[in-house]
Amino acid sequence: MSSTNKTVEDLIARSNRLGADKRNTNFAGGNTSAKGTEKDPVTGEDVQLLWVKGSGGDLGTLKAENLAVLRLDRLNALKNVYPGVDREDEMVAAFDYCLHGKGGAAPSIDTAMHGLVDAAHVDHLHPDSGIAIATAVDGEALTTKIFGDKVVWVPWRRPGFQLGLDIAAIKDANPQAVGTILGGHGITAWGATSEEAEANSLWIIDQAEKFIAENGRTEPFGPKLPGYGALPDAERKAKAAALAPVIRGLASTDKPQLGHFSDDAVVLDFLEAAEHPRLGALGTSCPDHFLRTKVKPLILDLPADASIEDSIARLQELHADYREDYQAYYSRHATPDSPALRGADPAIVLVPGVGMFSFGANKQTARVAGEFYLNAINVMRGAEAISTYAPIEESEKFRIEYWALEEAKLARLPKPKSHATRIALVTGAASGIGKAIATRLAAEGACVVIADLNLENAQAVAAELGGPDVAIGVQADVTNEAQVAAAIQEAVLAFGGVDLVVNNAGLSISKPLLETTEKDWDLQHNVMAKGSFLVAKAAAKVMIDQDMGGDIIYISSKNSVFAGPNNIAYSATKADQAHQVRLLAAELGEYGIRVNGINPDGVVRGSGIFAGGWGAKRAAVYGVDEQELGKYYAQRTLLKREVLPEHVANAAAVLTSAELSHTTGLHIPVDAGVAAAFLR
């Protein structure tokens with residue numbers, strides 16, 4: 001019903017415009033609202049409603065279903081039962097008694113700010129320029145200097161019912177005002193129409209930007225530090241790829257994390273400047289920032305040309321210090337009823353000359369954490385340009401980070417899927433068995449690298465699976481060591497490391513011994529035996545550096561055991577792969593890396609190998625029509641069932657799940673039962 005309401009349509013359009021421009025607010029940051037009228041379906045009479053962005057929504061992609069819908073009369077009546085600031089958290093539960101109908105999305109903590117302010121349209125945003133004023137040591141004086149009496153300073157107060165009452169009182173007492181600067185936090189603006197509210201929000205942002213640009217110091221972060229400048233592009237990427245697995249392992253000490261790498265110029269410039277250690281130690285200020293980035297980052301205190309070995313050694317020392325410091329921060333401020341410490345590892349790691357590594361429970365969270373720290377750098381630049389950066393007190397940060405309401409919000413998150421936080425690289429994954437495995441692993445929560453000879457097809461599959469927050473496509477000829485290394489580097493830079501590799505790339509040429517050429521033999525051994533070796537070697541290096549264990553899966557074949565006719569080159573190389581499983585399981589077990597194999601047979605439908613001519617040749621060997629080959633294979637099995645790529649994918653998912661955490665060196669037949677291929 002509300003989706004056809006003109007007030008709602010205008011609110012969504014305004015929100016999408018504001019959220020589309022990162023100058024205005026960051027992903028999932030801020031909220032917007034509108035007040036209007038609808039018919040009560042019970043009484044048939046008009047009822048005054050508030051539509052406001054619900055908890056966890058994003059302005060840039062906001063839809064009607066992301067809005068919380070509340071009755072204004074009941075929301076305003078909460079003022080009569082408000083128990084005071086010491087118990088204001090209780091008011092969030094009270095919002096449920098104000099909902100209109102089913103109420104839409106869950107109301108956020110900022111609902112009171114929107115409902116209690118006497119304006120038809122309200123925007124609360126987190127623009128870098130606005131937060132720069134909000135975090136300046138003399139922010140109140142700057143607010144008056146920049147905006148006159150049109151914008152009013154609001155001292156820091158944790159978001160909640162009292163802040164809503166405060167802003168409502170400020171608007172009533174200042175009829176000329178169009179908004180506020182919220183100390184340490186952001187801005188709030190309002191208007192009688194949606195257009196007016198949007199214009200007032202943008203005016204505040206633009207005025208703040210203009211003031212900083214016209215009055216700011218040219219080097220707000222101080223002079224450049226010799227040796228801390230950005231490395232050349234290729235060298236920077238190579239060093240990032242070498243450090244990323246180690247950094248991810250450190251950041252995953254308490255629980256596994258996914259990573260994101262950025263070498264944005266904003267980060268590199270910050271790390272080259274003399275003041276970056278001081279400012280980094282002060283941490284972020286806006287609640288949305290430090291909830292994503294933690295109170296402060298870990299910063300490597302070595303120049304850009306420091307060796308990989310020295311950088312790793314120092315990062316390990318700094319990580320130990322960071323954990324000790326974070327534990328002390330928690331101990332300083334925790335009370336008996338505080339939520340338990342959630343983990344002492346950094347969410348942001350900064351490496352001079354290289355860039356920023358950010359971490360989270362999934363790729364999107366990791367990427368957004370990095371985007372928020374970019375915002376924080378911009379905030380610090382603005383504040384330092386015109387004043388001195390002064391974020392909110394550490395104790396207030398703790399009150400937000402370990403807020404019971406934040407804990408409840410985290411508790412509502414869905415249970416992680418079986419492969420959440422895992423990074424998989426599947427070779428030959430643009431079609432057939434490889435595509436089925438990649439699809440299944442992504443469905444189980446993994447981030448997947450689609451590696452294939454055909455880049456266009458690999459990228460198409462990655463797009464099908466959900467795009468760069470879920471999957472990427474890379475070109476890789478597994479017979480070429482340099483291309484394998486490049487594919488692993490792309491995986492590491494995209495997601496932080498590699499946890500799971502599936503050696504699936506393959507082909508087959510079916511010929512009897514006397515017709516098999518040396519070229520036939522070399523091609524199959526290069527792709528499958530040598531290719532699997534090269535991929536396993538490159539991936540194992542990353543897994544060992546991460547110190548998080550891992551999985552290597554070989555898609556071997558029933559033919560690695562069964563002596564079938566006219567198949568010397570293919571079956572011999574599959575036997576090579578099968579023994580690689582045993583050898584690597586024995587060698588890599590000390591690092592927690594499991595190595596297992598899958599022996600499929602008769603996978604005709606959807607198979608790239610069979611479509612490439614292998615099917616016709618095998619059909620000729622067995623004297624059946626090629627279209628009937630799958631049924632023929634099924635009838636010779638014990639279960640009389642045809643094997644599909646999805647069945648192989650099922651085995652890959654189970655083998656790499658926690659249920660088989662103590663299994664290595666195993667070969668699983670997926671052949672519907674071929675007695676001659678039983679493993680003895």
Side-chain angles (χ1 to χ4, degrees), residues 234 237-238 241-242 423-439 441 447-465 468 471-495 497-498 500-510 516-543 552-557 569-570 572-574 576-578 580-581 584 597-598 606-614 645 648 652:
K237 293 289 196 297
I423 303 160
L425 184 144
V426 184
T427 64
S431 62
I433 290 173
K435 181 179 179 181
I437 291 172
T439 301
L441 293 177
C447 289
V448 184
V449 179
I450 311 296
D452 200 272
L453 266 176
N454 189 310
L455 177 60
E456 185 177 343
N457 290 350
Q459 291 175 334
V461 172
E464 285 178 31
L465 296 183
I472 61 168
V474 303
Q475 194 279 332
D477 176 352
V478 297
T479 70
N480 184 307
E481 187 169 17
Q483 289 195 31
V484 169
I488 293 290
Q489 176 170 305
E490 287 192 65
V492 166
L493 293 179
F495 301 116
V498 175
L500 191 166
V501 163
V502 181
N503 277 314
N504 167 74
L507 77 160
S508 184
I509 301 168
S510 174
T516 300
T517 67
E518 184 179 1
K519 182 179 178 182
D520 295 334
W521 178 273
D522 287 345
L523 176 61
Q524 294 183 84
H525 278 73
N526 279 341
V527 171
M528 291 179 284
K530 176 184 173 182
S532 295
F533 154 71
L534 291 176
V535 172
K537 179 181 177 182
K541 170 68 166 62
V542 173
M543 293 178 189
I552 299 175
I553 298 292
Y554 280 70
I555 305 302
S556 184
S557 169
Y570 178 79
T573 196
K574 284 299 180 183
D576 185 317
Q577 285 186 304
Q580 284 187 40
V581 168
L584 295 186
I598 299 172
S607 166
I609 286 180
F610 277 88
W614 167 259
V648 184

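Computed from a predicted model, the values in this text were never measured in an experiment.
In this structure, CD in Q524 is found 7.0 Å from OG1 in T573, a value given to the nearest 0.5 Å. To the nearest 0.5 Å, the span separating CD on E518 from OG1 on T516 amounts to 12.0 Å. Once rounded to the nearest 0.5 Å, the distance linking CG of L441 with CD1 of I423 reads 12.5 Å. Taken from CG in D452 to CD in Q459, the straight-line distance is 11.0 Å, to the nearest 0.5 Å. Atom-to-atom distance recorded for I437:CD1 and N504:CG is 5.0 Å, nearest 0.5 angstrom. Note that OG of S510 is 10.5 Å distant from CG of D520, once rounded to the nearest 0.5 Å.
The side chain to side chain donor-acceptor pair (under 3.5 Å) search around D576 returns Q580, not counting sequence neighbours. Partners of T479 according to the side chain to side chain donor-acceptor pair (under 3.5 Å) rule, which considers only residues two or more places apart in sequence or in another chain, are D477.
Within the 3.5 Å criterion, the main-chain N or O of L453 finds a donor-acceptor partner in the side chain of Q475.
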Check your understanding: Would K541 and I488 satisfy side-chain contact (heavy atoms from CB on, under 4.5 Å), going step by step from the backbone distance to the final call?
Key -> CA-CA 10 Å; K541 170 68 166 62; I488 293 290; over 6 Å; no
Check your understanding: Stepwise, does the side-chain contact (heavy atoms from CB on, under 4.5 Å) test hold for I450 with L465?
Key -> CA-CA 10 Å; I450 311 296; L465 296 183; 4.0 Å; yes
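Of all heavy-atom pairs spanning V527 and V478, the tightest one is O-CG2, 3.4 Å. Closest non-hydrogen pair, G597 versus V581, comes out as N-CG1, 3.9 Å. The two residues Q489 and A238 come nearest to each other via the heavy atoms OE1-CA, 4.2 Å. Scanning both residues, F495 and P468, for their nearest heavy atoms gives CE2-O, 3.6 Å. In this structure, A491 and L425 approach most closely via the heavy-atom pair CB-CD1, 4.3 Å. The shortest heavy-atom contact between A536 and L584 is CB-CD1, 3.8 Å.
Residue pairs satisfying the salt bridge (charged side-chain N to carboxylate O under 4.0 Å, His left out) criterion with at least one member in residues 423-436, sequence neighbours excluded, are listed as follows: K435-E464.
For the pair V449 and E490, the minimum side-chain heavy-atom distance is 4.5 Å or more. Counting only heavy atoms from C-beta outward, the side chains of I552 and N503 approach each other to under 4.5 Å.
In E481, the CD atom is not crowded: 12 or fewer heavy atoms of neighbouring residues, nucleotides or ligands sit closer than 6.0 Å.
In summary, the side chains of S532 and Q577 do present a donor paired with an acceptor at a separation below 3.5 Å, with no hydrogens or angles considered.
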